[in-house]
Amino acid sequence: MRQNFRADYEYTVDEDAAIIAIVDLDLGNKSVTNDMENVLGDIKRELGTLAGFSVIYKDSLGRWDGVRLDEKGTVHFYGLGESEPEKAAKRLLHPCP
């Protein structure tokens, strides 16, 4: 019986641009996409807040997309479909509240 282990990921923070970039390491556990609530929760605990940051992530297929949280903390994904983080960052739509 396979357990649903949490996602394996790494992230960087560009404080000047207010962007958090998450990379799915694809080590056989949950994908970042399927574990985004926990991933953002971990990052929030480390940083203290996500407010004012925009979030991009590289999925296990190598595509960069955007993530936003609404006022209730619900995670929403939106397609950027970029292969490079710099291009994805230029297309970001929503900073976290």
Side-chain angles (χ1 to χ4, degrees):
M1 184 165 128
R2 180 181 156 94
Q3 294 181 359
N4 289 326
F5 294 109
R6 297 208 21 210
D8 298 298
Y9 65 94
E10 59 187 20
Y11 73 96
T12 57
V13 178
D14 182 338
E15 292 194 30
D16 294 331
I19 296 173
I20 297 170
I22 303 166
V23 176
D24 189 329
L25 298 177
D26 195 21
L27 299 177
N29 293 314
K30 273 189 176 179
S31 68
V32 166
T33 305
N34 290 324
D35 201 25
M36 188 59 77
E37 288 181 11
N38 287 321
V39 170
L40 292 176
D42 291 347
I43 294 170
K44 183 177 180 179
R45 279 188 290 284
E46 289 180 20
L47 298 180
T49 185
L50 299 177
F53 285 98
S54 294
V55 179
I56 58 175
Y57 76 103
K58 182 178 180 182
D59 65 21
S60 57
L61 299 175
R63 206 174 37 241
W64 287 91
D65 289 313
V67 178
R68 72 175 183 88
L69 295 172
D70 64 20
E71 297 77 25
K72 296 179 182 179
T74 303
V75 175
H76 300 273
F77 298 93
Y78 57 97
L80 298 173
E82 296 291 348
S83 59
E84 298 173 28
E86 298 81 12
K87 289 181 180 179
K90 289 180 182 178
R91 297 186 56 209
L92 284 169
L93 302 177
H94 306 282
C96 295

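Between the CE atom in M36 and the CZ atom in F77 there is a gap of 4.5 Å [rounded to 0.5 Å]. The structure places CG of L40 at 6.0 Å from CG of L50, a figure rounded to the nearest 0.5 Å. To the nearest 0.5 Å, atoms OH (Y78) and CZ (R91) are separated by 9.5 Å. One distance of note links CZ of R6 with CG of N34; it measures 13.5 Å at 0.5 Å rounding. Once rounded to the nearest 0.5 Å, the distance linking NZ of K58 with CG of D26 reads 10.5 Å. Distance check: I43 CD1 to F53 CZ gives 10.5 Å after rounding to the nearest 0.5 Å.
Using a 4.5 Å heavy-atom cutoff, the side chains of V23 and W64 are in contact. Taking the side chain as every heavy atom from C-beta outward, V67 and I22 never approach each other to under 4.5 Å. Counting heavy atoms from C-beta on, the side chains of I56 and D65 never come closer than 4.5 Å. Proximity of V55 to Y11: side-chain heavy atoms (C-beta onward) are nowhere separated by under 4.5 Å. Residues I19 and L92 form a side-chain contact, since some pair of their non-hydrogen atoms from C-beta on lies under 4.5 Å apart.
Of the possible polar contacts, one joining the D35 side chain to the A7 backbone as a donor-acceptor pair under 3.5 Å is found.
Side-chain contact annotation: Y9 with D42, donor-acceptor N/O pair under 3.5 Å present.
Of all the heavy atoms in K72 and D70, the pair that sits closest is N-OD1, 2.9 Å.
Residue E15 places its CD atom among 12 or fewer non-hydrogen atoms of other residues, nucleotides or ligands, all under 6.0 Å distant.
Among residues two or more places apart in sequence or in another chain, the salt bridge (Lys or Arg N to Asp or Glu O under 4.0 Å) test is passed with D8 by none.
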